[in-house]
Protein chains: 2
Amino acid sequence: MRTDERMDERKKQVLAAIVQDYILTGEPVGSRTITRRYNLGVSAATIRNEMADLEEMGLLEQPYTSAGRVPSDYGYRYYVDCLMAPERLTREEVEYVYQRYNQKMLEIEQVLEETARLVSEMTAYTAVAMGPNQDHAVLEQVQIVPVQATNKALLVAITSTGIVEHRIFTISDNITPEDLARISQVLNTNLQGIALEAMQRAVLKDIYREITEHRSLVKLITDLLQQILVLEGNEKVYLDGIINILSQPEFKDWDKVKEILAFFEREDSLRRIFNASPGGGLAIRIGQENKEEGIDKCSVVTISYAVEGKIIGKVGLLGPTRMHYPRVISVLQCVADSLSRSLQQFYR
Amino acid sequence: MRTDERMDERKKQVLAAIVQDYILTGEPVGSRTITRRYNLGVSAATIRNEMADLEEMGLLEQPYTSAGRVPSDYGYRYYVDCLMAPERLTREEVEYVYQRYNQKMLEIEQVLEETARLVSEMTAYTAVAMGPNQDHAVLEQVQIVPVQATNKALLVAITSTGIVEHRIFTISDNITPEDLARISQVLNTNLQGIALEAMQRAVLKDIYREITEHRSLVKLITDLLQQILVLEGNEKVYLDGIINILSQPEFKDWDKVKEILAFFEREDSLRRIFNASPGGGLAIRIGQENKEEGIDKCSVVTISYAVEGKIIGKVGLLGPTRMHYPRVISVLQCVADSLSRSLQQFYR
DNA sequence: TCTTAGCACTCTGGTCTAAAGAGTGCTAAA
DNA sequence: TTTAGCACTCTTTAGACCAGAGTGCTAAGA
């Protein structure tokens with residue numbers, strides 16, 4: 001950032017003070033307030049001059065002439081990148097997170113739901129946990145169970161990410177349980193370890209070579225597999241703490257709240273926002289850095305979780321740009337860590 | 001209701017006019033407005049006298065001295081019970097509902113999700129669809145699938161209400177796939193057709209008689225069955241259109257909105273409200289008739305859906321007491337009807 | 001050259017008042 | 001029994017006013 005050249009030590013202190021104070025109070029910060037609350041050793045007039053400079057540089061904004069200053073999106077960005085001191089969670093809080101993950105949780109869905117709840121509870125923002133991305137997952141097992149005394153069967157599939165999906169479908173009368181068992185077996189030997197995306201093409205031929213009859217049924221089943229695993233089972237979204245948005249004074253405006261709630265109802269937008277920063281680890285997007293509609297007054301912080309070194313999904317939260325970044329980051333890091341370890345049990 | 005004796009024809013007309021006008025506009029209704037908009041053939045002064053009577057009878061309320069009148073909960077109740085003219089959906093609307101249910105929907109969950117979405121869309125209130133009540137459901141099938149190359153197994157169960165639930169669990173090393181197949185088979189012959197509630201007691205003995213080893217595993221499995229079917233799979237709640245609540249002018253108040261959103265987060269409260277009217281068919285609960293906390297300014301309308309003559313679940317909605325009852329009722333009846341027929345396919 | 005005290009000026013937010021508007025209740029006449 | 005008329009009540013809106021917070025600028029001091 002070119003602004004760096006002009007940022008001397010004192011300007012940094014002033015910016016940090018303003019951001020911190022504004023995050024705390026939500027009120028525009030004046031020069032007097034800074035001299036009173038933060039001991040920078042200079043007078044209010046000096047601070048005023050610095051503030052004018054910072055505004056010039058685009059790091060601060062004034063809601064109206066002769067009000068205090070408020071950080072701009074760039075101001076937050078600079079704070080997050082260069083000024084922010086990490087906040088450590090207390091021993092009790094870390095303990096609490098561990099304890100929450102030590103509950104008996106037997107399904108991934110439950111773990112993710114609990115994760116969203118925990119994050120929203122600890123940060124008072126709206127939390128999102130996204131289920132494993134199945135793009136690079138492989139099929140672990142597939143089983144077809146005839147439903148007795150009906151013309152239905154149940155297809156169950158397990159992926160390497162520990163996701164289980166099922167679907168009931170209708171079979172014609174001439175299919176016997178033995179047929180289904182045979183198909184199950186052939187599918188398993190051929191599909192195990194195959195990436196979900198790749199399933200369709202080449203592999204299907206091998207299967208056809210082994211199964212000469214009921215090919216339309218096999219086609220149906222592979223289609224269903226594709227559907228339930230790739231289209232529906234992929235990156236399920238778990239939301240918690242939507243109400244928290246309402247507690248933020250910046251969203252006292254009716255239309256803003258509606259915009260954000262509408263955003264939450266569009267799951268694909270949520271997925272896009274969460275996958276916007278391709279790398280792993282922590283990602284912070286402030287204000288207009290979020291390209292999706294309706295959340296340009298919000299910040300989104302995400303962190304990836306991984307199993308055996310492989311990134312498989314993301315957790316994060318959404319709140320006002322006036323967000324308590326240091327705390328949010330610590331909470332997310334702690335939670336992502338515990339989540340990763342907790343998920344280990346569902347993988348081999 | 002004792003008020004009936006004092007309700008002559010004209011009073012009914014006046015009450016109906018006030019309720020309808022208030023539902024439409026949301027503004028207190030004055031005597032002038034009624035003479036202008038509804039042609040009752042009498043003057044405003046006469047209407048005023050009638051309104052005073054109706055207020056005395058507890059059917060109307062005045063927000064403050066010399067404002068117009070607003071229906072009380074009793075007023076709505078009388079309107080709903082005695083005055084309301086049913087509103088017929090247009091041919092196009094009915095067609096639209098059919099078409100929505102004619103989509104390819106392969107799981108009950110999907111159908112119920114779609115139902116909630118449809119109701120909220122057609123009424124602009126917050127819709128709730130509740131999954132089948134499992135209290136009188138019986139187990140249809142259970143299957144245990146070993147997960148290859150791990151010490152895990154997958155338990156899948158289907159109930160007579162068409163609900164499929166699954167759970168992964170850990171097994172000890174000395175359990176062979178054949179053991180699991182045998183247990184599956186014994187469980188099926190013993191548990192098929194057994195009510196979920198009754199599963200625990202007597203039946204377990206029969207099973208033990210047939211399986212002499214791995215009893216702790218059998219115990220684990222029946223416990224899991226109980227858990228996933230009775231505790232978690234029962235009456236799942238599908239919500240849609242929470243934003244709609246915000247559009248209602250009566251909920252412009254911050255705290256009210258929070259109260260209602262908090263109510264929505266307590267799923268057990270939702271279930272209680274929905275099951276509050278034990279009979280089948282349509283149920284309307286107005287204002288304080290709802291005993292749950294936070295929604296005493298709301299009305300809840302529910303209708304049951306059934307398969308093969310048996311009531312298995314409910315659909316409904318929540319909105320302000322100033323609700324467009326005639327339309328809501330028509331929509332719910334049409335939807336419940338289509339839903340029941342659509343679900344038929346998941347049952348035999 | 002940088003810092004600071006002083007001061008005039010600006011803008012918001014709350015309180016107060018006045019006037020307009022909507023609607024009522026009561027009375028007396030039809 | 002119905003209705004016209006009228007005084008009265010209460011809310012809502014707009015405007016006026018003031019206190020408070022904060023700024024920008026200037027000029028003097030370090």
Side-chain angles (χ1 to χ4, degrees), chain A residues 6-15 17-22 24-72 75 249-250 252-253, chain B residues 6-15 17-19 21-22 24-72 75 249-250 252-254:
Chain A
R6 288 187 280 162
M7 285 296 277
D8 57 33
E9 200 47 45
R10 196 171 60 196
K11 279 197 176 49
K12 290 184 184 175
Q13 288 183 342
V14 172
L15 179 57
I18 291 176
V19 173
Q20 279 162 29
D21 204 77
Y22 187 63
L24 217 65
T25 64
E27 310 262 289
V29 188
S31 52
R32 272 295 312 283
T33 316
I34 292 186
T35 52
R36 237 185 302 121
R37 282 207 263 257
Y38 304 81
N39 194 10
L40 301 190
V42 289
S43 76
T46 310
I47 302 287
R48 276 205 288 283
N49 290 331
E50 297 288 29
M51 283 161 89
D53 290 351
L54 289 168
E55 184 171 358
E56 173 106 7
M57 294 159 75
L59 298 169
L60 294 181
E61 280 167 359
Q62 234 175 342
Y64 52 88
T65 328
S66 75
R69 297 307 205 295
V70 161
S72 70
E250 31 265 281
K252 271 217 156 167
D253 183 5
Chain B
R6 288 187 279 160
M7 286 295 277
D8 57 33
E9 199 48 42
R10 196 172 59 198
K11 279 198 176 50
K12 291 183 185 175
Q13 288 183 341
V14 172
L15 179 58
I18 291 176
V19 173
D21 204 78
Y22 187 62
L24 218 65
T25 65
E27 311 262 287
V29 187
S31 52
R32 272 295 311 283
T33 315
I34 292 186
T35 52
R36 238 185 300 121
R37 281 208 263 257
Y38 305 81
N39 193 8
L40 300 190
V42 289
S43 76
T46 310
I47 302 289
R48 276 205 287 283
N49 290 330
E50 297 289 28
M51 283 161 89
D53 290 354
L54 288 167
E55 183 171 359
E56 173 106 6
M57 293 158 77
L59 298 169
L60 294 181
E61 279 168 358
Q62 236 176 340
Y64 51 88
T65 327
S66 74
R69 297 306 206 294
V70 161
S72 70
E250 30 265 280
K252 273 219 155 168
D253 183 6
W254 228 233

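The sequence lines fix the lettering, A, B, ..., with proteins before strands; numbering per chain opens at 1.
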Can you tell me how far C1' of dA21(D) sits from CD1 of Ile47(A), to the nearest Å?
17 Å

Arg37(A): salt bridge (Lys or Arg N to Asp or Glu O under 4.0 Å) partners, not counting sequence neighbours:
Asp21(A)

Glu250(A) meets the salt bridge (Lys or Arg N to Asp or Glu O under 4.0 Å) criterion, sequence neighbours left out, with Arg322(A)

Just grab all the salt bridge (charged side-chain N to carboxylate O under 4.0 Å, His left out) pairs involving residues 43-55 of chain A, residues at least two apart or on different chains.
Arg10(A)-Glu50(A), Lys11(A)-Glu50(A), Lys11(A)-Asp53(A), Glu55(A)-Arg69(A)

How would you list, by chain and number, every residue that makes a salt bridge (Lys or Arg N to Asp or Glu O under 4.0 Å) with Glu61(A), sequence neighbours excluded?
none

Partners meeting side-chain contact (heavy atoms from CB on, under 4.5 Å) with Ser43(B) (sequence neighbours left out):
Ala45(B), Thr46(B)

Under 3.5 Å between N/O atoms: give me all the protein pairs with nucleotides 17-28 of chain C, atom names plus distance.
residue : atom : partner  : partner atom : Å
dT24(C) : OP1  : Ser31(B) : N            : 3.3
dT24(C) : OP2  : Ser31(B) : N            : 3.3
dT24(C) : OP2  : Ser31(B) : OG           : 2.7
dG25(C) : OP1  : Arg69(B) : NH2          : 3.1
dG25(C) : N7   : Arg48(B) : NE           : 3.2
dG25(C) : O6   : Arg48(B) : NH2          : 3.2

